[in-house]
Every structure is written in C-alpha cells, then in structure tokens.
Number of protein chains: 2
Amino acid sequence: MTPPVHEHDGAGSRHAHTGAWIAAVLRRRIAAGLLTPGSKLSEQKLSVELGVSRNTLREAFGTLVAESVVVRIPNRGVFVASPGAEDVREIYRVRRVIEPSAVLWGTPAERELEAMDAIVRRAAEARDAGSVPGMADANQALHQAVIALTGSQTLQVLMDRVLARMRLVFHTMSTTPDFHPHYVERNIGLVACLRAGRPEEAARMLRDGLDAAEGEILARIEARAPDPEVRHRAVPVTPIRNK
Amino acid sequence: MTPPVHEHDGAGSRHAHTGAWIAAVLRRRIAAGLLTPGSKLSEQKLSVELGVSRNTLREAFGTLVAESVVVRIPNRGVFVASPGAEDVREIYRVRRVIEPSAVLWGTPAERELEAMDAIVRRAAEARDAGSVPGMADANQALHQAVIALTGSQTLQVLMDRVLARMRLVFHTMSTTPDFHPHYVERNIGLVACLRAGRPEEAARMLRDGLDAAEGEILARIEARAPDPEVRHRAVPVTPIRNK
DNA sequence: ACCATCGGATTGTTGAACAATCATTGTCTC
DNA sequence: GAGACAATGATTGTTCAACAATCCGATGGT
C-alpha cells in the first residue's frame with residue numbers, strides 16, 4: 001500500500017494550487033507509460049492514492065480533459081486517451097499547417113540557426129551510436145525549435161500538447177519501428193536549407209517529411225486495427241483494471 | 001432581483017454537464033460585454049445568481065481559465081481578462097502563422113470557394129449599407145472559412161478562442177474605429193486570388209492585411225495605455241463593483 | 001438463448017465546514 | 001497629520017460527507 005503521502009514528484013513547489021499539481025503528476029505518469037491508454041482513472045482510488053479530495057482530483061481531471069490527454073465519458077468516468085488513426089490524421093493536419101509556416105515566415109537569427117545545428121549534430125551522433133531514444137529526443141527538440149521560430153507562446157503550448165498526444169499514439173503501438181534514421185537525414189537537409197536562406201525549399205521539405213511520417217504511422221496503425229474509426233461507444237480499448 | 005432560475009440561455013441542451021453549461025453562460029456574457037474586462041467574478045455572488053454550487057462554479061472557472069477568457073489570481077479570485085498590447089501581438093503572431101498557411105496549402109474545393117464568395121459579397125453589401133456589425137460579421141466568417149480549409153478541428157477551436165480574445169480587446173477600447181471598409185476590399189482580392197489559383201499571392205496578401213490590422217490596433221491601444229506591459233501586480237484595470 | 005428486473009458501484013452535484021490568505025480598518029507612534 | 005503596525009472581516013482554497021442519477025453486471029423467468 002502506498003501511503004497517501006505526496007510523492008515528491010519533482011517540481012518541488014509545495015502547494016501551489018493543488019489541482020494543477022495533481023494534473024501535472026497524472027500527466028507525467030501518462031507520458032511515462034505508467035498509465036496505459038484506455039485504462040480508467042477511478043476517482044475514489046486516485047483520490048486516496050494521491051491524498052487529495054475527490055473534488056480537487058476532479059478539478060485536475062478538468063484540465064487534463066481540456067488538454068485531450070484523457071477523455072471523460074459522462075457517468076462512466078475518465079480514461080487515458082487512446083488515439084486512433086483519425087487522431088493521427090488530425091495531429092498531422094495541425095503539424096502540416098504550423099511547422100512549414102514557421103520555417104517559411106519565421107526569420108531565424110544566428111542564435112536559432114546555431115541551436116538547430118547543434119540539435120541535428122546531436123541527432124547524427126545518436127544515429128551513429130544506434131541510440132533510438134537519442135534520435136527521438138533530437139527529433140522532438142528540432143520540432144520545438146522550429147515552433148520557437150514563431151515566437152508565439154500559444155503555438156508552443158499547442159504543439160506541446162500535440163506532441164504529448166503523439167507520444168500516446170506510440171504507447172498504443174506495442175512495437176515501435178525505428179524510422180528515425182530517415183528523419184535524421186531529412187532534418188539535416190532542412191537546417192541546411194534554412195542556413196542557405198531558402199525557406200521555401202525548407203518548408204517543402206518539411207511538408208514532405210510530415211507526409212511520409214504520417215503515412216508510415218498510419219500504415220502501422222491501420223494494420224493492427226482494421227476498424228479504427230468505429231469507436232462510437234467510445235469504449236476503452238482494453239478495460240484494464242490497473243493493479 | 002434575478003431569481004436563481006437558470007435563464008434559458010440558448011443552446012437548449014438541458015443539463016449536459018452542469019459545469020460546462022455554466023462555463024458557456026459566462027462565456028456568452030463576457031462575449032456580449034455584460035461582464036467587462038477587469039471585473040471580478042465573485043464565487044459567492046455568481047453561485048447564488050446562477051443557482052449552482054460554489055464547487056461547480058469553480059469547475060466552470062477552470063475551463064474558462066484554460067481558454068484564457070478569465071484570469072485567476074491565487075487567493076484573489078478570477079477576473080475577466082483584459083488583453084493588452086502584448087496580447088494583441090501574440091494574437092497576430094498566431095494568425096500570421098496559421099491563416100496564410102491555410103490558404104497556401106489548403107486546397108479549396110468548389111464548395112468552399114463558393115462559400116467564400118458568398119461571404120465577401122455579403123461583406124460588400126454590408127459596406128454599401130454602412131453596416132459596421134455586418135462587415136465585422138462577414139470578416140469573422142471569412143477568417144473562419146479560411147481556417148476551415150485546413151480541415152483541422154484543433155485549429156478551428158484554437159482560432160475560435162483567439163477570436164474571442166480579440167473581441168475582448170475591442171471591448172477594452174471604448175471607441176472602436178471602423179477600419180472595416182479596408183478589410184472588405186482586401187478580402188475581395190484574397191478570394192479572387194484563390195479563385196485564380198494563386199495561393200502564394202493570396203497568402204502574401206493575407207499576411208500584409210494582418211500586419212496592417214495589427215499595426216492599426218496597436219497604435220490605437222498604445223495611445224491609450226502608455227504603459228501596457230507593466231501589469232506585474234495583475235491588478236484589474238478598473239475595480240468595477242458589478243452592480 | 002433472450003429479455004426484464006434488481007442491486008451494487010461509480011459518477012455528478014450539493015452543502016457545510018475549516019485553514020490560509022488578502023483587503024480594510026483602526027490604532028499607535030513620531 | 002503621515003506612516004508603520006496589528007486586529008478584523010471577507011474571500012478563496014480544500015476537504016468531508018451526503019444524496020440523486022446513472023451505468024454495469026448478475027439474477028431470474030420464459
């Protein structure tokens with residue numbers, strides 16, 4: 001039995017708005033894969049486990065629902081979101097609009113170019129070392145750097161949420177193939193184009209890369225789930241009874 | 001005295017999740033200008049006025065905070081957001097990324113082109129009739145149609161929120177000048193470009209229009225508030241005691 | 001095998017209570 | 001009289017306990 005003590009789950013601040021804190025804890029657990037997609041988050045269990053009131057937990061659920069990290073089904077409870085093929089398509093719709101636009105019209109200063117250079121160098125090292133998580137991290141970092149070109153806080157948090165959702169997609173796939181080496185090369189070319197002052201070409205390259213990635217992931221997803229959209233009942237994929 | 005009865009505030013659905021319902025009511029009141037920017041939303045008063053529990057009202061506040069329609073200051077309460085110059089800049093950062101990208105890479109079908117044609121025609125009629133709200137509505141409709149080109153639900157709701165924020169900006173300005181006739185012409189040209197199959201030119205036109213609009217609004221804002229950013233104390237602009 | 005009914009469990013919502021914090025007022029000192 | 005300081009009152013943050021409404025699963029009848 002875990003005692004109802006507040007695990008010092010990083011982010012030390014003691015009691016800065018308990019609801020947001022609980023939301024952060026759950027967000028981290030979901031991102032780490034401790035809470036698998038489709039599993040139910042029972043109000044009673046979690047409230048005693050985290051040592052907060054059911055009301056406060058409910059508030060946390062609210063923010064998580066707003067972020068689409070969990071799904072609330074009325075009178076049934078909240079479940080960790082399990083994104084399907086349509087969700088993947090939506091994710092790439094968003095990325096295809098925002099990221100190419102960022103490289104096309106965001107004028108990168110020398111600072112930013114240097115940062116992106118460092119990132120792709122790190123990615124290349126990770127590839128040579130065969131480190132898949134290293135490549136994944138670098139890939140993610142590069143996309144965040146691209147978003148940063150817009151200078152918009154709003155777009156930053158939006159894309160952070162999209163990325164969190166993408167991580168959930170990967171969690172639903174038991175075997176994650178490594179298309180990452182492909183991406184490393186693409187990203188190198190992208191930064192080179194930006195350096196050369198050819199934003200149109202960079203944007204086109206980015207769009208092609210996104211199309212390719214979406215295609216691969218969709219193929220991988222739809223192979224496993226021949227009936228991806230038909231989730232009208234919104235039933236959790238696996239009624240996992242956590243613990 | 002308004003009785004604590006639930007005003008049948010449109011959007012008929014009877015009691016689909018009370019918290020969301022209350023949030024919708026408040027959202028509408030704010031958009032309508034009944035709740036002016038900077039005014040405080042007292043938990044006690046509103047809970048009795050709307051006939052819901054303080055807890056439920058709190059949940060509604062949570063969603064409104066997530067939408068940045070209201071601002072919560074710890075231990076002080078929630079206030080209707082009063083966007084300043086920096087917020088306007090952020091709004092246009094977002095629009096400059098998303099809207100030109102939508103017209104550039106979203107391939108409009110005949111249906112959508114026709115819809116946009118109808119909108120600009122409506123705008124022209126409103127201009128000839130001297131109807132400022134008519135022009136404003138048409139302008140808003142056109143931008144929503146542009147966003148719809150992406151086919152992305154996520155971007156749609158994002159831009160809806162941005163637009164709501166923009167409405168708040170206008171509410172903070174006592175006198176709203178009508179730059180709308182300018183926009184009508186611009187929009188006509190934009191749709192024409194799209195019809196002619198020149199998305200690059202349309203995108204450029206859209207960007208120029210956004211730049212111009214931002215400039216005009218910023219000038220109007222910074223003239224009134226020579227010290228726009230210094231809101232560290234986050235004090236409501238006017239400590240309005242509503243009623 | 002199919003359908004209805006019932007019971008238990010979980011969610012949705014409320015009301016009251018308490019601690020913590022902020023704003024205001026009043027008092028004291030200089 | 002002006003400013004620092006403490007007491008007071010009001011509001012928010014959070015918890016607890018309760019109830020109605022709903023859903024899930026099992027039981028039982030045909």
Side-chain angles (χ1 to χ4, degrees), chain A residues 3-6 13-26 38-66 70-80 231-243, chain B residues 4-6 13-26 38-66 70-80 232-243:
Chain A
V5 69
H6 314 114
S13 93
R14 201 66 190 88
H15 69 99
H17 215 6
T18 314
W21 170 9
I22 296 298
V25 171
L26 292 179
S39 63
K40 176 174 179 177
L41 300 183
S42 164
E43 291 190 357
Q44 192 160 335
K45 283 185 183 175
L46 272 183
S47 65
V48 307
E49 185 175 339
L50 297 175
V52 298
S53 168
R54 235 184 83 202
N55 262 328
T56 308
L57 180 62
R58 203 154 236 284
E59 183 182 330
F61 280 170
T63 77
L64 262 1
V65 166
V70 301
V71 177
R72 158 169 275 149
I73 305 176
N75 292 319
R76 295 253 324 230
V78 314
F79 304 83
V80 179
R231 246 184 328 174
H232 357 77
R233 294 295 300 271
V235 63
V237 177
T238 54
I240 293 177
R241 180 184 314 265
N242 26 351
K243 173 178 187 176
Chain B
V5 71
H6 313 118
S13 93
R14 204 63 190 92
H15 67 100
H17 214 4
T18 315
W21 171 11
I22 296 297
V25 171
L26 292 179
S39 62
K40 178 173 177 176
L41 301 182
S42 165
E43 292 189 354
Q44 192 160 332
K45 284 186 184 174
L46 272 183
S47 65
V48 309
E49 186 176 339
L50 297 175
V52 297
S53 168
R54 232 185 81 203
N55 261 322
T56 308
L57 180 61
R58 200 154 240 282
E59 183 182 329
F61 280 170
T63 79
L64 262 2
V65 166
V70 301
V71 176
R72 156 169 277 150
I73 305 176
N75 292 320
R76 295 253 324 235
V78 315
F79 303 84
V80 179
H232 359 76
R233 293 297 299 271
V235 62
V237 176
T238 54
I240 293 176
R241 183 183 311 267
N242 21 356
K243 176 171 194 176

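Just so it is clear: chains get the letters A, B, ... in the order the sequence lines come, proteins before strands, and each one is counted from 1. Quantities reported herein were computed from a predicted structural model and do not represent experimental measurements.
Rounded to whole Å, the distance from CZ on B:R54 to P on D:dT14 is 11 Å. Taking atom CZ of A:R72 as the reference point, atom C1' of C:dT11 lies 9 Å away to the nearest angstrom. The CG-C1' distance, from B:N55 to D:dC19, rounds to 15 Å in whole Å. Remark: C1' of D:dA10 and NZ of B:K45 are 12 Å apart, rounded to the nearest angstrom. Between the NE2 atom of B:H17 and the C1' atom of C:dT11 there is a distance of 10 Å, given to the nearest Å. B:N75 has its CG atom 11 Å from the C1' atom of D:dT14, to the nearest Å. Distance A:L46 CG to C:dT10 C1': 14 Å, rounded to the nearest Å. One atom, CD of B:E43, and another, C1' of D:dA10, lie 12 Å apart when rounded to the nearest Å.
When side chains are defined from C-beta on, A:L46 counts as touching A:L26, because their heavy atoms get closer than 4.5 Å. Residues B:V71 and B:V65 form no side-chain contact, since every pair of their non-hydrogen atoms from C-beta on lies 4.5 Å or further apart.
Phosphate proximity of C:dT10 to A:R76: absent, as no side-chain N or O sits under 4.0 Å from OP1 or OP2. Under 4.0 angstrom from either OP1 or OP2 of C:dG15 there lies no side-chain N or O belonging to B:S53.
When all heavy atoms are compared, the tightest approach of A:F61 to A:V70 is O-CG2, 4.3 Å.
Here the options are A:E59, A:E49, A:E43, the test is salt bridge (charged side-chain N to carboxylate O under 4.0 Å, His left out), and the partner is A:R54; only A:E43 passes.
Between C:dT10, D:dT15, C:dG12, one nucleotide has an atom nearer to the side chain of A:T56 than all others, and that is D:dT15.
Sequence order on DNA chain D of the closest nucleotides to A:L57 and B:G77 puts B:G77 first from the 5' end.
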